[in-house]
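Data block below; observations after.
Proteins get letters first, then strands, A, B, ... in listed order; numbering begins at 1 in each.
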Number of protein chains: 2
Amino acid sequence: MTPRNWKPIIQEFERAIGKDGVIQRKEELLTYECDGLTSYRQRPALVVLPRTTEQVAAAVKICDRYEIPWVARGAGTGLSGGALPVENCVLIVTALMRKILSVDLENQRVVVQPGVINNWVTQAVSGAGFYFAPDPSSQIICSIGGNIAENSGGVHCLKYGVTTNHVLGLKLVLPDGSIVDVGGEIPEMPGYDLTGLFVGSEGTLGIATEITLRILKTQESICVLLADFTSMEAAGATVSDIISAGIIPGGMEIMDNLSINAVEDVVATGCYPRDAVSILLVEVDGLQVEVDANKKLITEICQKNGARNVTTASDPEQRLKLWKGRKAAFAAAGHISPDYYVQDGVIPRTQLSYVLKEIEALSEKSGYKIANVFHAGDGNLHPLILYDNSVPGALAEVEEVGGEILKICVKVGGSLSGEHGIGADKKCYMPNMFTETDLETMQWVREVFNPKGLANPGKMFPTPRTCGESANAQAQKKFEGVDLF
Amino acid sequence: MTPRNWKPIIQEFERAIGKDGVIQRKEELLTYECDGLTSYRQRPALVVLPRTTEQVAAAVKICDRYEIPWVARGAGTGLSGGALPVENCVLIVTALMRKILSVDLENQRVVVQPGVINNWVTQAVSGAGFYFAPDPSSQIICSIGGNIAENSGGVHCLKYGVTTNHVLGLKLVLPDGSIVDVGGEIPEMPGYDLTGLFVGSEGTLGIATEITLRILKTQESICVLLADFTSMEAAGATVSDIISAGIIPGGMEIMDNLSINAVEDVVATGCYPRDAVSILLVEVDGLQVEVDANKKLITEICQKNGARNVTTASDPEQRLKLWKGRKAAFAAAGHISPDYYVQDGVIPRTQLSYVLKEIEALSEKSGYKIANVFHAGDGNLHPLILYDNSVPGALAEVEEVGGEILKICVKVGGSLSGEHGIGADKKCYMPNMFTETDLETMQWVREVFNPKGLANPGKMFPTPRTCGESANAQAQKKFEGVDLF
C-alpha cells in the first residue's frame, strides 16, 4: 500500500474541529501512546479533540471517507488497552467535552458530555443530597465516556451495580458518522436496548457524546467496618455469611497480608494490622436504624468467624481513614515493586478460597509475588503481580501468570473481566470463555455497526492470528503500510 | 405465489418434535389465534410444541429452510400482541418446556426452561428464604420466556428493576437455527451485552430456551400502607415526597375513584373508601428496624399531604387484603364494562398531575370512561378505557383514545410502553418516540440476527404502510398468497 498523504486530511480535520483541536507534532503525540496499560505503546498518526457532537461526527466522517482507523479515548486511565492507538490511526479524544449539560434533581437525571470526570457528577449534585454511584478507584481522573466504554465498576457496585445500571440514554456518533439517540430520560424505553448494548462495547460501535445518567439520593447514614483475620478462609466465609444473612453492603473488600504491608509501608494508615493474614472492609449504608442494625449483625458474623478485631467508623473522617489503605493499594504496589501487573477476573463468591489457593500456587511456581486485593462481595479479584520490567522477559512471564489466573477464573464459572474490559490485553482469552458461535454472534453486532472495521480495530475480539503475537501488532496488521506523511 | 404444500413440512416437524408436539387441526388451532390482546386474531398454519433446545432449533431450521414465518409464544398472556400469529406462520409454543433445570441457592441462581410460570420460580426457592423479584400481575399464569420477550415489569419493579435486571444468561436459538449462549452465571461478562439486547426483543431475534435468573433473599419484614386522598394531586405529591425523602419502596401504586369503586363492586375489599378521589398503596421491605422507620416516615408524609386515613399492615394476610383490590383492578374493569382496553405508558413522575388531567379531558371529549391504575413510583400508567365491543366502531375509537394517551406520554418525555411491549399494537407509535435514524439503527440489529425476516415479522417496528391499516394485515403482507394446504 502506498503511504497515505495526510496533508489534505489534516486540513479537513482542522476545518471541522479548529486548528487548536488537532495535534500532529510527534512530541505532543507521545502523551497518547498508551492508556493505563502502559506495557503496550503505539503512537497515533493524529490526535483530534472535538468539543461537540457535530465535531465528533465530522471527525468520524472524515475517517470513514478516507478509511482511516480511529480509536476513541477518554481520560486514558483504562487498564486493558481499550484506548491504545493502532498504527496510523486517528485518536479521537473527548477530553475537551467536559460540560455538565443539565441537572434534573426531581427526576434524578444528569446529562453530561463524555469528557466529564466521574466524580464531577457527584460534586455537581452532592449539595442537594444526591450522588452518582459507580466509583472506580480512578474516579478523580477517569471520564464518564471511558466508564461507558468499559462498563466500569468500583467498590460500591456490589449494592448499586456497574455503570450500565446507571446509564439511561446516549447520544451516539456511529462509525458512519450518523448521530443517533438510544435510550432516553426514563428507564422504560421500547425497542431493543441499544443503550445496554453500547455500554461496555469498548469503542467498537461508536462514540457517546451525550450521556444521561441516573443519580441516587445520598444515604442518611454510612458505616465502615474493618475486621482482621488469621486466615483467608475466615474472611471469605464472613463475606458469604453476610450475604446469606440477607444484607447487601455498599461494598465488601478483602486485602491479603502482602497488600496490607504494602499500604502500611506507603500510607501508614495504622489501622491495618501487619500480622493479619487478611482484612475485610465492609461498608453499609441506609437509614440510621438500618445501618445500626446491620453494623451489629455484621460485627457478630465477623466474630463468629474468628475476627481478632472489628473496628467501626461512622463519621466521614474516620471512614476515610479505614478506606485509605484500600484506596491506596494499587499505588502501594507500585512503591514496593518496580512494576506491577493488575489482573481483573471474576469468580462465583463460593469459589474464593479455592481460587486464592491456586493463585498462591501460581505465585510460588512462577516466583512472582502476588498481592491480592478484591471486591469480595461480587467475587471480583484484582491480583497484583509484582515484577521488574527492566528484567528481560519478565513482562512476558508476568502476562502468562496473569493469563493463568484468568483461566482459573473461567474454569470455576467466572469471567475474564469484572470491570476493566477486554481491550487489547485480554482478547486472546475470549475463546476460553465463549464458543466460536457465541463470539461470531457478537461479531455480527460489531460488523453491522462498524462494517468497515475502522472503529477501534483489533480490540475485544480474538482473531486467529492474534494469540502468540503482540496484541498491538495484530491490531495494526489490517492497516500496515499506511504511513504518516 | 402458489399455495404452500404443507404436508411434507408437517411430516418434518413431526419427525423433529414428535406427533404429539404438532397441532394442525383447525379447531385446536383456535386457542392460538391471539394472546392477551384479544382484539386482534389470526389463526396460525401450524402450532409446534418443542420440549428441548434441540427441538426448538430443529423447528426453527425447518422454518428457515422453507422460509416460513414463525412466531414464538409463551403462555400467551402478553397485552401488546407480541405473540399474535401472522398468516400462514408456524407458532412455536414453549408451554411444554416447563423444567426448573437447576437451583444454586449459594450463588442465588436458578436456571429454567422458558415455559416455567413466573411464580413457580419463587415457589421453588421460597422455602429456603429466596424469591424472584419481577412480578407482573399475571405472574400465576405468565411464563418466564414471555417475560424475557417483553421485559416484563410488575408492582415491585420500582425498587428491584424489571426482568432484564434479573436475567444473567440465556441459551438462545437464533433465527438460522444455531444455538448460542449469551451472558452466564455471573453478572460481569465481557463482550457485548447480548443478554440485555435479547431481553425485550419480543421474539424478533430468536427464542430463549434456557434462562439463568438471579434470585433475591426474602426480606425480613414487609409492610403495606394504604392512604386515601380527596385529590389526585395529593397522592401524586405524596409519591414525590416519599422518593425525595430517599425512601425507595418495594412498590407504590395509585388508583383513582373509578377503579376504587370497580374493585369494591367486584371483590369488596372493604379497605378502599368509595368516596376517595385516589388511594395510594405503598409497600416497604427490609430489616424490621428499617421497615418500622420507613412506615413512620411515610405515614407522616401522607398526613402532611392531607391523607384522610393511613392504614398499615404487616402480617401476610392483612397485607394481601390491602393489595387485593389493586391486584383485581383489571379484572374488575371487565366486570363493570363489557370490554376494556388497557394502555401502558410511562411518564416522568413529575408530570403525573398534568397527564392525568389530560387523560380526564380525553375521556370527556371521547365519552369513554377511563379508570386509572398505575405504578406511581416509576410513572408507569395503566389507563383502562371502558367500552362495548358490540358497538360498531367502538374499538377503533378506543384505540384512538389509547393512542392519544401515548402521544401525551411521549410529549412530556415519557415512553410508549412500561412493561407490556410494542408488539402488533403499538408499532405505529414508534415514530412518535424515535427518529428515522434511531429506528433504522435498531433495524440493523434485527436484520443481522434475522436476515430473512422470518422471526415474528411485522412486530415492534413500523413500516411505511403500517399505520392506517390493521397492524395484523400489515404483518401478513410479506407472506400473502402463501396458503394452507
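- Atom CD1 of B:Ile248 has 12 or fewer heavy atoms from other residues, nucleotides or ligands within 6.0 Å.
- Top candidate by heavy-atom pairs under 4.5 Å with chain A, chosen from B:Gly414, B:Gly191, B:Gly286, is B:Gly191.
- Checked by atom type, the side-chain pair B:Thr350/A:Asn107 shows a donor-acceptor distance below 3.5 Å.
- Scanning all heavy atoms of the two residues, the minimum distance from B:Gly196 to A:Asp193 falls at O-CB, 3.7 Å.
- Most heavy-atom pairs under 4.5 Å with chain A: of the set B:Leu439, B:Leu216, B:Leu197, this distinction falls to B:Leu197.
- Interface remark: A:Met442 contributes backbone and side-chain atoms alike to the contact with chain B (heavy atom separation under 4.5 Å).
- If you measure heavy-atom distances from A:Asn151 to chain B, you find no contacts under 4.5 Å at all.
- In this structure, chain B has no heavy atom under 4.5 Å from any part of A:Arg109.
- Between chain A and the residues B:Glu202, B:Glu220, B:Arg446, B:Gln219, the largest count of heavy-atom pairs under 4.5 Å involves B:Arg446.
- If you measure heavy-atom distances from A:Thr195 to chain B, you find no contacts under 4.5 Å at all.
- At a cut-off of 3.5 Å, with distance as the only test, a side-chain donor of A:Thr204 or B:Tyr192 sits close to an acceptor on the other residue.
- Chain A forms the most heavy-atom pairs under 4.5 Å with one residue out of B:Leu105, B:Thr437, B:Thr164, B:Val182, and that residue is B:Thr437.
- With a threshold of 4.5 angstrom between heavy atoms, A:Gln288 does not approach chain B through any atom at all.
- Looking at A:Asp176, the atoms closer than 4.5 Å to chain B (heavy atoms on both sides) all sit in the side chain, from C-beta outward.
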In sequence, state the C-alpha distance, the side-chain angles, and the governing distance for B:Leu287 and A:Ile247, and then conclude on side-chain contact (heavy atoms from CB on, under 4.5 Å). CA-CA 9 Å; B:Leu287 293 177; A:Ile247 305 169; 5.6 Å; no
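- In this structure, A:Asp438 contributes its side chain and B:Asp181 its backbone to a donor-acceptor pair below 3.5 Å.
- For B:Met189, the parts lying under 4.5 angstrom from a heavy atom of chain A are both the backbone and the side chain.
- When each of B:Ile186, B:Val291, B:Leu174 is checked for heavy-atom pairs under 4.5 Å with chain A, B:Ile186 comes out on top.
- Counting heavy-atom pairs under 4.5 Å between each of B:Ile422, B:Leu416, B:Val162, B:Leu194 and chain A puts B:Leu194 at the top.
- A donor-acceptor pair is defined here as one N or O able to donate and one able to accept, closer than 3.5 Å; no such pair exists between the side chain of B:Lys217 and the backbone of A:Ile243.
- Neither the backbone nor the side chain of A:Thr435 comes within contact range of chain B, judged by heavy atoms closer than 4.5 Å.
- Of the two parts of A:Phe434, only the side chain, counted from C-beta on, holds a non-hydrogen atom closer than 4.5 Å to a non-hydrogen atom of chain B.
- Taking A:Ser240, A:Gly246, A:Gly418, A:Pro190 one by one and counting their heavy-atom pairs under 4.5 Å with chain B, the maximum is reached by A:Pro190.
- With a 4.5 Å cut-off on non-hydrogen atoms, A:Val448 touches chain B through its backbone and its side chain both.
- In this structure, B:Glu106 and A:Arg349 approach most closely via the heavy-atom pair O-NH2, 3.7 Å.
- Of the possible donor and acceptor atoms, one in the side chain of B:Ser415 sits under 3.5 Å from a partner among the backbone N and O of A:Glu188.
- Heavy-atom pairs under 4.5 Å with chain B peak, among A:Asn380, A:Asp292, A:Leu205, at A:Leu205.
- Neither the backbone nor the side chain of B:Glu447 comes within contact range of chain A; no heavy atoms are under 4.5 Å apart.
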